[in-house]
Amino acid sequence: MSEATAEQVLEALKSVIDPDRGENIVSLGMIQGLNVDAGKVSFSIEVDPARGPELEDMRLEADAAARSVPGVVVTAVILTAEREAGPGPSPMTEAASFNKLQLPNIKSVIAIASGKGGVGKSTTAVNLALAMASGGKKVGILDADVYGPSIPRMLGVTEKPQASESGNIQPLIGHGIECMSMGFLVEEETPLIWRGPMATGALEQLFADVNWGELDVLVVDMPPGTGDIHLTLSQRVPISGVIIVSTPQEIALADARKGLNMFRKVNAPIFGIIENMSYFLCPDNDKRYYIFGQDGAKREAEAQGVDFLGEIPLDTEIRETSDSGLPIVATQPDGEHAKRYKAIADKVWEKLAAGA
Ligand code: ADP
């Protein structure tokens, strides 16, 4: 069978009519970021934010229309809220004119970022979120790492989220904290290449169209690096603070620095740096082995004039518990590791209180 083309998908989408405007969604220019690659189709439909909840049927219709094209195997179709400022010269210079999303239930939002992948950003985000919840505060975690969503697995959440009567999505609960993930929008085994507009549209939906409870803090696990998602977050979401996670070696710190500078440019408050995998504590002789060098992130924090929030050792138990959905702060709340995460959580609460 020959491969589906973008033209065929657009042709099929012409059968979908915007119920309010009576014209098809292609002619109305509502299709954005269409990507057709080896049977995988992704696009977003730009709609007025106020109409979002009513347009789920139209989204489903568009999804079915795309699937009807011979050769199409997977589809990812999302609704994107129109940006009220309209297209501007460049995302950076547009920043000031973006309307921030209204998040009435959420008191503060913290972004957990890293320069590189694999430094333990998600593990740190989950354990920090649990540590922040341990004093009885209400905490949610939003997995915005579209390229490697892992938070639901780390929280032991296996079910899929359900839509509520209003059409909004109900967050899931893992170890007592609310959780929502980009990963729910794509199958775990289906690596989808998300283009900028797709990913940023999905991120906005995860903030605005999820029935978050009354949260003291929403922890956002960002994708590694700097990109569209980071820009969207800083433009559209009121961020109380950014935390950078890095391992101690220069190669990771150099990328962490880039991330830090990006958030600085968009005036997001930097809460500080957490050093992960600081050292290996040998269980045989209790000696510390500084596998990636010593104090790299601490020195970097000093050089950048930001706080050093704490260090987390490299430990098999942290990996095993995190990868099996039993994060160490939840399952060994009185252990040494949990204490470290909680000490960092206390510092973060202090910073939130100071900024409030
Ligand atoms: P990232 O989000 O930066 O890509 P992850 O949190 O997914 O990184 O971690 C990558 C791997 O490293 C996972 O298998 C995780 O369990 C492991 N890991 C993270 N932090 C630690 C740590 N402090 N000690 C041991 N293993 C860790």
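The residues of the chain are indexed from 1 along the displayed sequence. Atoms within a ligand are numbered from 1 in the order they appear, just like the ligands themselves.
What sits closest to atom 25 (C) of ligand 1 on the protein, heavy atoms only, is Asp315 O, 3.1 Å. Closest protein heavy atom to atom 17 (C) of ligand 1: Arg319 CG, 4.0 Å. Closest protein heavy atom to atom 27 (C) of ligand 1: Met277 CE, 3.9 Å. Distance from atom 4 (O) of ligand 1 to its nearest protein heavy atom, with residue and atom name: Gly118 N, 2.8 Å. The closest protein non-hydrogen atom to atom 8 (O) of ligand 1 is Gly120 N, 3.1 Å. When only non-hydrogen protein atoms are considered, atom 7 (O) of ligand 1 lies nearest to Met154 CE, 3.6 Å. Atom 19 (C) of ligand 1 has its closest protein heavy atom at Thr123 OG1, 3.4 Å.
The pair Asp216-Lys138 does not count as a salt bridge, with every side-chain nitrogen at least 4.0 angstrom from each carboxylate oxygen. Classification of Lys121 and Asp221 as a salt-bridged pair holds, one side-chain N sitting under 4.0 Å from a carboxylate O.
Two residues are said to be in side-chain contact when any heavy atoms from C-beta on lie closer than 4.5 Å; Ser322 and Met154 meet this criterion. Using a 4.5 Å heavy-atom cutoff, the side chains of Val219 and Ile112 are in contact. At a threshold of 4.5 Å between non-hydrogen side-chain atoms, the residues Lys351 and Leu309 count as touching. With a 4.5 Å cut-off on side-chain heavy atoms, Ile110 and Met132 count as touching.
Counting only heavy atoms, the protein never gets under 4.0 Å from atom 11 (C) of ligand 1.
Judged purely by atom type and a 3.5 angstrom limit, Glu178 uses its side chain to pair as donor or acceptor with the backbone of Gly213. Between the side chain of Asn211 and the main chain of Gln170, no donor-acceptor pair closer than 3.5 Å is present.
Close N/O approach between Lys121 and ligand 1 is found [any backbone or side-chain N/O within under 3.5 Å]. The shortest N or O to N or O distance between Ser122 and ligand 1 is below 3.5 Å. Ligand 1 has a nitrogen or oxygen under 3.5 angstrom from a nitrogen or oxygen of Asp323. Polar contact with ligand 1: present for Val119 (N/O pair, distance under 3.5 Å). Considering backbone and side-chain N/O atoms, Thr124 never comes within less than 3.5 Å of an N/O atom of ligand 1. Below 3.5 Å of separation, one finds an N or O of Asn276 facing an N or O of ligand 1.
In summary, the atoms of ligand 1 found under 4.0 Å from a heavy atom of Ser322, numbered by their order in the structure, are 16 (O). Near Leu314, with a cut-off below 4.0 Å to any heavy atom, the atoms of ligand 1 are 24 (N), 25 (C).
Smallest separation of non-hydrogen atoms from Met222 and His230: CE-CD2, 3.6 Å.
Between Thr247 and Asn276, the side chains place no donor N or O within less than 3.5 Å of an acceptor N or O (distance only, hydrogens not considered). Gln304 and Arg264 share a side-chain donor-acceptor pair at under 3.5 Å.
With a 4.0 Å cut-off on non-hydrogen atoms, Pro313 touches ligand 1 through its backbone and not its side chain.
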